[in-house]
Protein chains: 2
Amino acid sequence: MEKIFQALSSTVRRKILAYLSGGSMTAGEIAERFEISKPSLSKHLNILENAELVRREKKGQFIHYSLVQENLANTLNGFIQEVCPVSRPLKKESAEKASQRKA
Amino acid sequence: MEKIFQALSSTVRRKILAYLSGGSMTAGEIAERFEISKPSLSKHLNILENAELVRREKKGQFIHYSLVQENLANTLNGFIQEVCPVSRPLKKESAEKASQRKA
DNA sequence: TAGGTAATTAGTCAATTAGCTAATTATAGG
DNA sequence: CCTATAATTAGCTAATTGACTAATTACCTA
């Protein structure tokens, strides 16, 4: 939980997860999409793996990274339930704002 | 979005949100529940307010803090949708793990 | 208006983070 | 076996974070 929220606090790492939601990619393919050095990206990938948000699989010379969807979804949904429990519905005012924004 | 995930990366701040899910509290009431100094807590509250996850309302000598549920729920749900889209359902293996854990 | 309480702001400091370059590891292929 | 490629680890630095104490602001009440 701590590790997961920590991992999600970086824009780079959230973007990596978004890329991986389209299918697994090698470290190099991910690196191409960012303007930071490969070692820096490697660190980000380490943090994501350590939080069990991605899985790493070595295939010959390449390392393929893929998303671990259920950890992400379970943690975030769990937190939403804890802080915004369904048993305690939104107040009218809040509900209105929520439907206005929808983003 | 950036501010919200940044705000959520601290255990202290996530706990504050959890407390506030039970109803609004003054800064002092929140401070009682932690072992850190009031100024440190004040900073955390500032970060949460800046991320628009809590609202501050002054009543005489006291400042009442309350949760802004819809911002939290909208942002987290939006991110889950982006990274774990329903149109791309979980693979069998992943779905099994997810149901095993449930935490 | 003086004293007390609630809370924040200011300023300092140690620890962490995020980036970089250089070096290392591991694999593929001539 | 040697070279090239993919990626990581090691080591460094600047910037940020999170804690503290001291000082300030704001409000209440005698």
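Because the structure is a prediction, the values reported are computed rather than measured. Worth knowing before you read on, the calculation uses all heavy atoms, side chains too, and leaves out hydrogens, waters and symmetry mates. Convention: sequence-line order gives letters A, B, ...; per-chain numbering from 1.
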**Report entry** side chain to side chain contact (heavy atoms under 4.5 Å, CB included) between A:L17 and B:V83, intermediate numbers included
**Finding:** CA-CA 6 Å; A:L17 295 177; B:V83 174; 4.2 Å; yes
Report task. Establish, for the pair A:R33 and A:Y19, whether the NZ or CZ atom is under 6.0 angstrom from the six-membered ring centre and no further than 45 degrees off its axis. Result -> yes
Query raised in the report: salt bridge (Lys or Arg N to Asp or Glu O under 4.0 Å) between B:E2 and A:R14: does it pass, once the steps are laid out?
Result: CA-CA 10 Å; B:E2 168 69 15; A:R14 288 196 305 279; 3.0 Å; yes
Requested in this report: May I ask you to decide if B:N46's main-chain N or O and B:N50's side chain share a donor-acceptor pair within less than 3.5 Å?
Outcome: no
Report task. Answer yes or no: is there a donor N or O on one side and an acceptor on the other, between the side chain of B:S21 and the main chain of B:A18, under 3.5 Å? Result -> yes
Requested in this report: Classify the nucleic acid contact of A:K58 as base, sugar-phosphate or nothing, counting any heavy atom under 4.0 Å across all strands shown.
Outcome: sugar-phosphate
Requested in this report: Report the distance from atom CD1 of A:I36 to atom P of C:dA18, rounded to the nearest whole Å.
Outcome: 10 Å
**Report entry** Donor-acceptor contact below 3.5 Å, side chain B:N74 vs main chain B:E70
**Finding:** yes
**Report entry** Gap between atom CG of A:L53 and atom CZ of A:R13 - 0.5 Å precision
**Finding:** 10.0 Å
Requested in this report: Tell me whether the centres of the aromatic rings in A:F5 and B:F5 are closer together than 6.0 Å.
Outcome: no
**Report entry** Distance, rounded to the nearest Å, where A:I47 contributes CD1 and D:dT9 contributes P
**Finding:** 12 Å
Query raised in the report: Within the structure, does a side-chain N or O atom of B:S40 lie under 4.0 Å from either OP1 or OP2 of D:dC20?
Result: yes
Query raised in the report: Whole-Å distance between C:dA18 P and A:N50 CG?
Result: 13 Å
Query - A:H44 side-chain N/O to C:dG19 phosphate OP1/OP2 under 4.0 Å - result: yes
Report task. Give the rounded distance in Å between these two atoms: NZ of A:K43 and P of D:dC12. Result -> 12 Å
Report task. Please report, rounded to the nearest Å, how far the P atom of C:dA7 is from the CE atom of B:M25. Result -> 11 Å
Which pairs, protein N/O on one side and nucleotides 5-8 of chain D N/O on the other, fall under 3.5 Å?
from: D:dT5; atom 1: O2; to: A:Q61; atom 2: NE2; distance (Å): 2.6
from: D:dA7; atom 1: OP1; to: A:A27; atom 2: N; distance (Å): 3.3
from: D:dA7; atom 1: OP2; to: A:G28; atom 2: N; distance (Å): 2.7
from: D:dT8; atom 1: OP1; to: A:R56; atom 2: NH2; distance (Å): 3.4
from: D:dT8; atom 1: OP1; to: A:Y65; atom 2: OH; distance (Å): 2.4
from: D:dT8; atom 1: OP2; to: A:S42; atom 2: OG; distance (Å): 2.8
from: D:dT8; atom 1: O5'; to: A:S42; atom 2: OG; distance (Å): 3.0

Query raised in the report: Within the side chain of A:T75, is there an N or O that forms a donor-acceptor pair under 3.5 Å with the backbone of A:L72?
Result: no
Query - Within residues 6-18 of chain A, residues whose heavy atoms come under 4.0 Å of DNA chain C - result: A:Q6, A:R13
Query raised in the report: Would you say B:S37 reaches D:dC20's phosphate, i.e. side-chain N/O to OP1/OP2 under 4.0 Å?
Result: yes
